[in-house]
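Notes for the one structure printed next.
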Amino acid sequence: MTTSQDVLNAAQRHAVEMPGGALLILAGPGSGKTRVIAHRIAHLVEARAVAPWRILAVTFTNKAAAEMRERVELLLGEQARELSMGTFHSVCARILRRDGQPVGLAREFAIYDTADQLALVRGIASELALDPRHFAPRALLSAISAAKNERRAPAAVLARAGSYFEEIVGRTFERYEAALARSGAVDFDDLLGRTLDLFEQSPETLARYAGRYLRVLIDEFQDTNLVQYELARAFASVHGNITAVGDPDQSIYSWRAADVRNLQHFERDFPGAQVVLLEQNYRSTGHILRAAHAVIARAEGRPQRELWTENPEGAPVVVQELYDGEEEALFIAAEVRRLMREDDRRSADIAVMYRTNAQSRAVEEACVEHGIRYRIVGGTRFYERHEVRDLLAYLRLVHNAADAIAFARVANVPARGIGQKTLTDVGRAADALGIGSLAVAARVARGDRDPALPQLRGDIRAALAAFVALIDGFAARTTALNVGELLDAVVRETDYRAHLQRSDPESADTRWENVQELRTVAAQYEDLQEEQSLAAFLEEVALVADVDDPAAGVPDAITLTTLHAAKGLEYAVVFMPGMEEGLLPHLRSIDDPAQMEEERRLCYVGMTRARERLYLTHALRRLHNGAYRNAIGSRFLADVPAADRASAAPSARAGSTLSPRERRAALAAREAPATADLPPLAAGDRVRHAVFGPGVVVSCTVRGDDQEVAVAFEGAGVKRLLRSLAPLELDR
């Protein structure tokens with residue numbers, strides 16, 4: 001298969017064909033960096049005769065890794081399957097599975113995700129009698145993660161503690177690490193840190209991996225933290241053949257310990273590194289690109305470079321002032337409707353991007369009033385749903401009997417008479433004896449006489465014995481059943497569907513659909529050997545990155561997302577509400593120059609997600625903590641050149657002097673059919689809503705020429721809607 005270079009411009013081709021050594025590709029948004037990485041990999045295989053298995057390509061999300069692999073497969077065909085490609089975490093997990101023994105890891109170690117970590121920290125906080133109002137588990141976990149990313153051990157944290165909070169962090173950190181060790185588990189930070197420890201403690205292991213991967217490619221290099229940067233250096237330590245792709249203008253994750261300075265350190269640590277600039281933008285129109293550049297050009301210390309495009313000029317950027325947050329949301333909804341009606345835009349081509357999650361509320365309500373389907377990126381993820389986590393905990397405990405978090409989650413799910421006090425007593429005994437909770441339960445069930453074991457009633461011992469036997473029975477079948485068959489056994493033998501009906505009858509059917517979807521995922525691992533099937537399934541589930549899109553696949557809906565979650569995405573039309581001081585830039589950044597620069601980069605990232613139309617909106621006042629406050633337009637708006645901006649057409653705006661209800665009526669008159677043309681509704685009527693589904697009308701109130709209806713929706717509660725705007729249909 002050929003890697004035709006016809007689709008590449010001169011700068012891209014130069015980056016693709018560079019010989020060995022260190023290469024830094026500074027790729028602006030929409031400049032085709034994924035295309036360049038894919039073609040460079042193909043070029044190394046076809047033109048440089050590098051075996052695919054000797055190439056390591058690392059990116060930051062599973063979604064990005066899948067896209068990269070798909071593109072390489074189009075160029076190389078079957079050979080692409082031999083590449084080592086994935087996220088930092090997945091690559092390190094594979095290394096530790098194979099070679100983690102020198103740093104104290106058994107091959108079957110568990111990977112604790114955020115929910116598991118929080119459960120562990122909450123338990124430790126309870127043991128230490130900490131007040132969660134002063135020592136929130138999330139804050140403690142964040143501090144522990146920061147220490148790991150800085151490669152500081154618990155003893156170092158305690159030794160440098162400059163406040164009582166830092167002392168509590170150190171004490172919690174000590175117990176946290178001990179608990180992970182007892183459970184044979186690691187967290188996500190450990191996957192990276194332990195791999196770096198392995199390379200430092202076992203030079204022969206480092207030499208083996210660095211010698212194997214003759215070419216190393218790292219995507220989104222501006223998002224690397226200290227540990228990831230050191231890992232990249234380690235992988236390239238033998239030959240120095242490393243390609244780093246990044247853009248300092250898109251560094252927006254300092255709160256995840258990302259350090260944009262790593263791009264500068266690259267040139268310092270790899271002397272003679274070649275630098276290639278990708279400056280031609282293929283995504284945005286001329287107006288959008290110039291507006292975005294004008295914002296980012298004012299960043300302090302930014303190297304002078306400018307994206308350019310051969311795309312049409314397009315429509316000017318709409319900079320629109322509205323009366324308040326509600327009118328802003330109604331303007332967005334009305335404009336979405338207009339674009340879909342007059343410009344034939346698909347709703348999937350439209351996104352609303354905001355600085356804080358709280359901003360979505362008004363937009364959601366406006367979408368409901370206008371009958372606009374929407375999806376929120378960042379809602380409850382599939383693998384965080386209660387029933388999914390229950391079944392995964394069963395499988396984890398079968399795979400790793402020392403997994404204390406999994407034991408605590410399902411020992412009494414479905415209910416079998418094992419209360420919280422018993423679980424606490426078993427956990428304390430496990431800590432004292434240095435063994436897993438399941439092993440303690442087995443000893444208690446046998447009636448062992450040990451002072452460290454809790455003394456329990458006969459019925460509780462019997463319940464523990466039944467649970468231990470259940471898990472042992474599943475474990476005995478791991479050599480004969482693949483993960484899908486094992487999951488079927490867990491669901492069947494725990495009577496899990498009946499448990500859903502008993503515990504949550506109103507949503508049992510929906511939750512059962514999630515169980516069925518989990519079974520569909522498990523089926524993808526049935527071609528592996530039975531024991532490998534379970535391990536691979538659990539590892540891939542645990543490695544689903546937080547920034548991956550949890551709402552993918554929802555048809556015919558606009559996207560609502562934070563600006564941080566929008567990184568890597570693009571849409572034909574983008575709305576950015578809340579362009580105000582205190583929102584963007586955020587209030588927390590006002591007195592911090594470094595954070596202010598990141599807010600500027602965040603604004604730039606949002607603007608460059610737009611291909612054809614961009615709307616920047618702000619309000620004169622905004623509701624905050626129950627009271628309206630005057631708002632000041634964002635400083636970034638002032639940077640947008642007059643030649644590249646315009647206001648919305650008057651027909652697209654509701655009058656800023658009208659009350660909220662009057663503005664709704666104005667929108668209704670302009671955007672919706674008259675209520676006289678709609679079938680009348682009365683209390684007791686069954687209706688169906690495009691978003692909320694079926695419901696029953698509770699009451700109807702005449703509001704001038706309109707009708708306000710209160711509807712009790714199944715699973716969504718009572719909603720008050722204007723008849724002229726609500727997409728309600730009689731469901732008789």
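Just so it is clear, the model here is predicted, and its values are computed rather than measured.
With hydrogens and angles left out, the side-chain atoms of Ser31 and Asn281 include no donor and acceptor closer than 3.5 Å.
Shown here are the side chain to side chain contact (heavy atoms under 4.5 Å, CB included) partners of Glu612, two or more places apart in sequence or in another chain: Arg345, Ala572. Every side chain to side chain contact (heavy atoms under 4.5 Å, CB included) that His14 has, sequence neighbours left out, goes to Met18, Val276.
The list of salt bridge (Lys or Arg N to Asp or Glu O under 4.0 Å) pairs with a residue in residues 588-597, not counting sequence neighbours, is empty.
Counting heavy atoms of neighbouring residues, nucleotides and ligands inside a 6.0 Å radius, atom CZ of Arg48 exceeds 12 of them. Annotation: Glu342, atom CD; neighbour count of heavy atoms from other residues, nucleotides and ligands within 6.0 Å is above 12.
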As a quick check of understanding, evaluate salt bridge (Lys or Arg N to Asp or Glu O under 4.0 Å) for Glu580 and Arg621, giving each step before the final call. CA-CA 10 Å; Glu580 298 149 25; Arg621 64 176 196 164; over 6 Å; no
Using the rule given for salt bridge (Lys or Arg N to Asp or Glu O under 4.0 Å), can you reason through Lys33 versus Asp247, listing the C-alpha separation, both sets of side-chain angles and the distance that settles it, and then say yes or no? CA-CA 10 Å; Lys33 72 176 179 64; Asp247 181 5; over 6 Å; no
If you apply the rule salt bridge (Lys or Arg N to Asp or Glu O under 4.0 Å), what do you find for Lys567 with Glu220, and how did you get there? CA-CA 11 Å; Lys567 177 77 178 299; Glu220 303 289 4; 3.6 Å; yes
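Judged by distance alone, with hydrogens and angles left aside, the side-chain atoms of Ser647 form no donor-acceptor pair with the main-chain N or O of Gln320 at under 3.5 Å.
Taking every heavy atom of both residues into account, Val227 and Lys148 meet most closely at CG2-O, 4.1 Å.
Arg71 and Glu67 are joined by a salt bridge, as a carboxylate oxygen and a charged side-chain nitrogen come within less than 4.0 angstrom of each other.
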